[in-house]
Amino acid sequence: RPKLPQYNSIDDAVKLLQEAKNIIVLTGAGISTSLGIPDFRSKDTGLYSKLAHLGLSDPQEVFDIHVFQEDPSIFFSIAKDILPTEKKFSPTHGFIKLLQDKGKLLTNYTQNIDNIEGNAGVLPENIVQCHGSFATATCVKCHHKVSGDAIFNEIKEGVIPECALCRKRIAEEGLKLQGVKRKRSTNYQQKDRKKFEDSSDEDDYEIPTPGVMKPDITFFGEDLPDEFGQRLVHHDRELADLVIVIGTSLKVAPVAEVPGILPRNVPQIYISRTPVSHTGFDIDMLGDCDVVVSELCRRAGWDLQHHMIPAD
Ligand code: OAD
């Protein structure tokens, strides 16, 4: 994406902020690291650098839907560490709320699943959780949906949560199943009956097991929530007059493609510790995002909450 030549300096960024009416803010894990929540790809501190003990060929497999289907225990071994328990918010979350208060926030597309935007007071209707969230969980077998916190205790205790509805159905089916066994064995020839009854091979019967409850965070190999594409392409693309990308390495598609999908004349600002080379922004502000947004607000004459204020 060729740079728009008229934008270069911090003051250009401030002017853009002051004039914009419909800002898309695209965020990643970097906006929560100041709260002690690790990002994913930072070299020594990111979550992926701490997963060597899982023995995966690529630590991202911990969020791979096929790996989950094969062995959900891998995901649940780390799930307790990424549960949204934090009640605070960072100055950068405060900055997004400030844009909302000023009527400038079109949408915050967040890849984060920590729900901290809500702690800062960003309204649900202004947020698209591109990678889902822990707010709900769904049974991988019968697709029964529950509120996410219904399985938080099991996750915290390191137990793989199973579907209560599947369990209930299985209990109800239990008697019928015994009936099936009797019925099937009576169909056997007398000589086969003993073999059948003695068999320890579970494949002789269909032993039902309850489905695992998977939190509705978007795994690699799964579709993003419909709202992501719908809102971006059919609503926000027309309206956006400024894009601010904060604290993301932009390594994961399709979110990484958002800057390229937006019209070329919409200015784009990048705020993060690490530069990205695969897409060009008009203004790059490299550094700690809390510091950068605080400085932008100071220059704009806006009053940003500087402290990490507990939500309650
Ligand atoms: P990454 O860990 O890939 O990128 C975070 C970026 O934020 C890096 O460029 C850091 O340098 C930067 N950063 C960290 N702390 C910062 C700070 N205080 N100030 C400024 N910059 C800071 O995280 P994401 O880009 O969010 O998906 O990762 C995208 C997706 O990959 C996640 O949603 C997750 C992951 O796999 C799924 O699990 C499906």
Side-chain angles (χ1 to χ4, degrees), residues 13 25-51 54 56-68 72 74-79 81-84 86 88-96 108-117 127-135 214-225 228 244-259 269-279 281 283-296 304 306 308:
V25 182
L26 195 160
T27 46
I31 72 163
S32 298
T33 55
S34 62
L35 299 171
I37 301 170
D39 63 9
F40 293 91
R41 295 179 183 78
S42 283
K43 199 164 165 284
D44 297 318
T45 52
L47 179 70
Y48 292 148
S49 73
K50 300 192 189 314
L51 299 184
L54 295 178
L56 301 167
S57 56
D58 175 353
Q60 294 187 98
E61 286 179 2
V62 80
F63 296 112
D64 184 301
I65 191 61
H66 305 294
V67 173
F68 185 87
I74 296 175
F75 167 74
F76 284 110
S77 72
I78 62 110
D81 302 324
I82 56 167
L83 278 178
E86 197 58 70
K88 295 181 288 189
F89 61 90
S90 73
T92 305
H93 295 93
F95 172 69
I96 302 168
N108 176 199
Y109 290 90
T110 180
Q111 298 167 89
N112 298 346
I113 52 173
D114 55 24
N115 291 347
I116 292 178
E117 302 84 8
I127 303 172
V128 174
Q129 289 187 293
C130 307
H131 292 164
S133 80
F134 276 98
K214 177 187 161 295
D216 290 334
I217 58 180
T218 310
F219 278 39
F220 293 108
E222 288 191 301
D223 289 334
L224 271 67
F228 168 74
I244 312 177
V245 177
I246 320 179
T248 170
S249 61
L250 285 181
K251 290 256 165 72
V252 177
V255 171
E257 289 153 9
V258 170
I269 297 174
Y270 181 68
I271 303 173
S272 189
R273 277 184 190 149
T274 319
V276 287
S277 51
H278 54 286
T279 177
F281 289 91
I283 305 176
D284 289 294
M285 281 183 275
L286 301 182
D288 187 309
C289 56
D290 291 341
V291 174
V292 173
V293 301
S294 300
E295 178 60 12
L296 287 172
L304 176 69
H306 281 257
M308 297 179 194

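Whatever order the structure lists them in is the order used to number ligands and atoms, beginning at 1.
Listed here is the closest heavy atom pair of Glu117 and His93: N-CD2, 3.9 Å.
For ligand 1 and Tyr48, the ligand atoms under 4.0 Å from any heavy atom of the residue are 35 (C), 36 (O). Below 4.0 Å from some heavy atom of Phe220 lie the following atoms of ligand 1, by number and element: 36 (O). Atoms of ligand 1 found under 4.0 Å from any heavy atom of Thr274 (numbered from 1 in listed order, with element): 9 (O), 10 (C), 11 (O). Atom numbering of ligand 1 starts at 1 in the shown order; those under 4.0 Å from a heavy atom of Gly28 are 26 (O).
Residue Gln129 holds its CD atom at 11.0 Å from CD1 of Ile217, rounded to the nearest 0.5 Å. Remark: Leu250 CG to Thr274 OG1 distance equals 11.0 Å, nearest 0.5 Å.
Protein heavy atom closest to atom 25 (O) of ligand 1, with residue, atom name and distance, is Thr248 OG1, 2.6 Å. The protein non-hydrogen atom at the shortest distance from atom 32 (C) of ligand 1 is Phe40 CE1, 3.5 Å. Of the protein's non-hydrogen atoms, Ser272 OG, 3.3 Å is the one closest to atom 12 (C) of ligand 1. The nearest protein atom to atom 19 (N) of ligand 1, hydrogens excluded, is given as Cys289 N, 2.9 Å; this is a heavy-atom distance. The single protein non-hydrogen atom nearest to atom 3 (O) of ligand 1 is Ser249 OG, 2.6 Å, given as residue, atom name and distance. In this structure, the protein non-hydrogen atom closest to atom 39 (C) of ligand 1 is Thr218 O, 3.0 Å. If you check which protein heavy atom lies closest to atom 28 (O) of ligand 1, you get Arg41 NH1, 3.1 Å. The shortest contact between atom 13 (N) of ligand 1 and any protein heavy atom is with Gly30 CA, 3.6 Å.
By the criterion of a heavy-atom distance under 4.0 Å, the side chain of Val252, and not its backbone, is placed next to ligand 1. For His131, every heavy-atom contact with ligand 1 shorter than 4.0 Å involves the side chain, none the backbone.
The side-chain contact (heavy atoms from CB on, under 4.5 Å) test with Ile271 is passed by exactly one of Ile283, Asp284, Val293: Val293.
Proximity of a side-chain donor or acceptor of Ser90 to a complementary backbone N or O of Ile31 within less than 3.5 Å is detected. A donor-acceptor pair under 3.5 Å is absent between the side-chain atoms of Tyr270 and the main chain of Leu286, judged by distance alone. Checked by atom type and distance alone, the side chain of Asp288 pairs as donor or acceptor with a backbone atom of Asp290 at under 3.5 Å. Side chain of Asn112 to main chain of Ala29: a donor-acceptor pair is present (N/O by atom type, distance under 3.5 Å, no hydrogens or angles).
Put simply, no part of Lys251 is less than 4.0 Å from ligand 1, judged by heavy atoms. Using a 4.0 angstrom heavy-atom cutoff, Gly247 counts as in contact with ligand 1. Judged by the shortest distance from any of its heavy atoms, Phe219 lies outside the 4.0 Å radius around the atoms of ligand 1. Heavy atoms of Gly287 come nearer than 4.0 angstrom to ligand 1 in at least one pair.
Taking the centre and axis of the six-membered ring of Phe75, the NZ or CZ atom of Lys214 falls outside the cone set by 45° and 6.0 Å.
Side chains of Asn108 and Thr27: a donor-acceptor N/O pair is present below 3.5 angstrom, by distance only.
The side-chain heavy atoms of Phe76 and Pro215, taken from C-beta on, include a pair separated by under 4.5 Å. Here the side chains of Leu224 and Cys130 are in contact, with some heavy-atom distance below 4.5 Å.
Among Val291, Leu35, Val293, Asp39, the residue whose heavy atom lies nearest to atom 8 (C) of ligand 1 is Asp39.
Considering backbone and side-chain N/O atoms, Asp290 never comes within less than 3.5 Å of an N/O atom of ligand 1. For the pair Gln60 and ligand 1, the shortest N or O to N or O distance does not fall below 3.5 Å. Geometrically, ligand 1 and Tyr270 share no nitrogen or oxygen pair separated by less than 3.5 Å.
Here Phe63 and Phe220 keep their ring centres 6.0 angstrom or further from each other.
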